[in-house]
Amino acid sequence: MQKRRIGIGVAVVVSAVTLAACGSGSSSASGKGASDTATTAGGGDSKPAASAVSWPAPADASAQVKAAGLPMLGQEGQVLHIHSHLDVFVDGKAVVVPALIGIDEAKQSISPLHTHDTSGVVHIESPVQADFTLGEFMTEWNVPLTKDTVGSLKTGGGKELHVYVNGKEQTGDPAAIKLAAHEEIALVYGAPSDKVTVPSSYKWPEGL
């Protein structure tokens, strides 16, 4: 695969060879941090209706990548090139994983962990072999993740947080989950009565 470089002002196309074709998502810039705000966006695939919770991509992608302890690159790495998929559910409804997490269009730089669109596909494209974690990605998104919190949402008062990988519930620190090729990760926050069909896999487009 050819190396993809960063470009601005073109439509999002996940399967394009160049990053320029994926560089202008429909994400909204946040202020100092992600917040729970109303959104009118609809759900995708077979997910439930969209949640009223919206966590936009950070306004300063480079700062969040630095907070995650990761580098910003001039182009996507090719030594490690895999993809994971992330679903987030709050109170039984899907939360959009925004485009341009880990991509700084103004500075023409990109993190080894990033999103091109709102599909939930997390691109792991590094110039060196390394382990990358869900916690690093969530830090880039500016949505903190611990065993008791996701974003500004905390457990207690009838609310629970469950984390699944390929349909199997995980225990321990969810931030420590390593991202693997074609892995399906689901974060499910809400009351036990909320009806969520936890996905065990993702229908990957050809080429990913």
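All of these numbers come straight from a predicted model, not from anything done at the bench. Computed from heavy atoms alone, side chains included, the values below leave out hydrogens, waters and symmetry copies.
- Counting only residues at least two apart or in different chains, side-chain hydrogen bond (donor to acceptor under 3.5 Å, both in side chains) contacts with residues 168-180 comprise D131-K178, H162-E169.
- T139 meets the side chain to side chain donor-acceptor pair (under 3.5 Å) test with no other residue; sequence neighbours excluded.
- Side chain of S126 to main chain of P112: no donor-acceptor pair is present (N/O by atom type, distance under 3.5 Å, no hydrogens or angles).
- Looking at heavy atoms from C-beta onward, I185 lies out of side-chain contact with Y202 at the 4.5 angstrom threshold.
- No side-chain heavy atom of K66 sits less than 4.5 Å from a side-chain heavy atom of M72.
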Inset, instruction - Evaluate side chain to side chain contact (heavy atoms under 4.5 Å, CB included) for I110 paired with L73, printing each intermediate quantity in order. - result: CA-CA 5 Å; I110 188 167; L73 309 171; 4.3 Å; yes

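- A donor-acceptor distance shorter than 3.5 angstrom exists from the side chain of H85 to the backbone of S119, with no hydrogens or angles considered.
- Counting heavy atoms from C-beta on, the side chains of F89 and V198 never come closer than 4.5 Å.
- Looking at every heavy atom in both residues, P192 comes nearest to G158 through CD-O, 3.5 Å.
- Side-chain contact between D104 and S109 is present, with at least one heavy-atom pair separated by less than 4.5 Å.
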Would V188 and L161 count as a side chain to side chain contact (heavy atoms under 4.5 Å, CB included) here? Give the steps.
CA-CA 6 Å; V188 182; L161 176 61; over 6 Å; no

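- Separation of atoms CD1 (I101) and CD (E140) is listed at 8.0 Å; rounding is to 0.5 Å.
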- Apply side chain to side chain contact (heavy atoms under 4.5 Å, CB included) to the pair T118 and V97, showing each step before the final yes or no. CA-CA 5 Å; T118 58; V97 179; over 6 Å; no

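- Here the rule is side-chain contact (heavy atoms from CB on, under 4.5 Å) with L179, and of T133, V165, L113, I82 only L113 fits it.
- Within the 4.5 Å cutoff, the side chain of D87 has no heavy atoms near those of the L187 side chain.
- The shortest distance between side-chain heavy atoms of F132 and L70 falls below 4.5 Å.
- Applying the side chain to side chain donor-acceptor pair (under 3.5 Å) rule to E136 yields no partners; only residues at least two apart in sequence or on another chain are considered.
- At a threshold of 4.5 Å between non-hydrogen side-chain atoms, the residues S54 and V95 do not count as touching.
- For K159 and D91, the salt-bridge test passes: some basic side-chain N is under 4.0 Å from an acidic carboxylate O.
- Distance CD1/I177 to OG/S84: 10.5 Å, rounded to 0.5 Å.
- How far OG of S111 is from CD1 of I103: 9.0 Å, rounded to the nearest 0.5 Å.
- Considering only heavy atoms from C-beta on, Y189 stays 4.5 Å or farther from V53 through its side chain.
- The distance from atom CG of D148 to atom CD of E160, rounded to the nearest 0.5 Å, is 11.5 Å.
- A donor-acceptor pair is defined here as one N or O able to donate and one able to accept, closer than 3.5 Å; such a pair exists between the side chain of W141 and the backbone of W55.
- Without hydrogens or angle criteria, E183 side chain to A180 main chain gives a donor-acceptor distance under 3.5 Å.
- In summary, of the residues considered (H114, Q78, Q75), a side chain to side chain donor-acceptor pair (under 3.5 Å) with E125 occurs for H114 alone.
- If you take CG on L134 and CG on L86, they are separated by 6.5 Å, rounding to the nearest 0.5 Å.
- The six-membered or imidazole ring of H116 lies near that of H123, with a centre-to-centre distance under 6.0 Å.
- Between the NE2 atom in H182 and the CG atom in L208 there is a gap of 6.5 Å [rounded to 0.5 Å].
- Side-chain atoms of T146 come within 3.5 Å of backbone N or O of T149 as a donor-acceptor pair.
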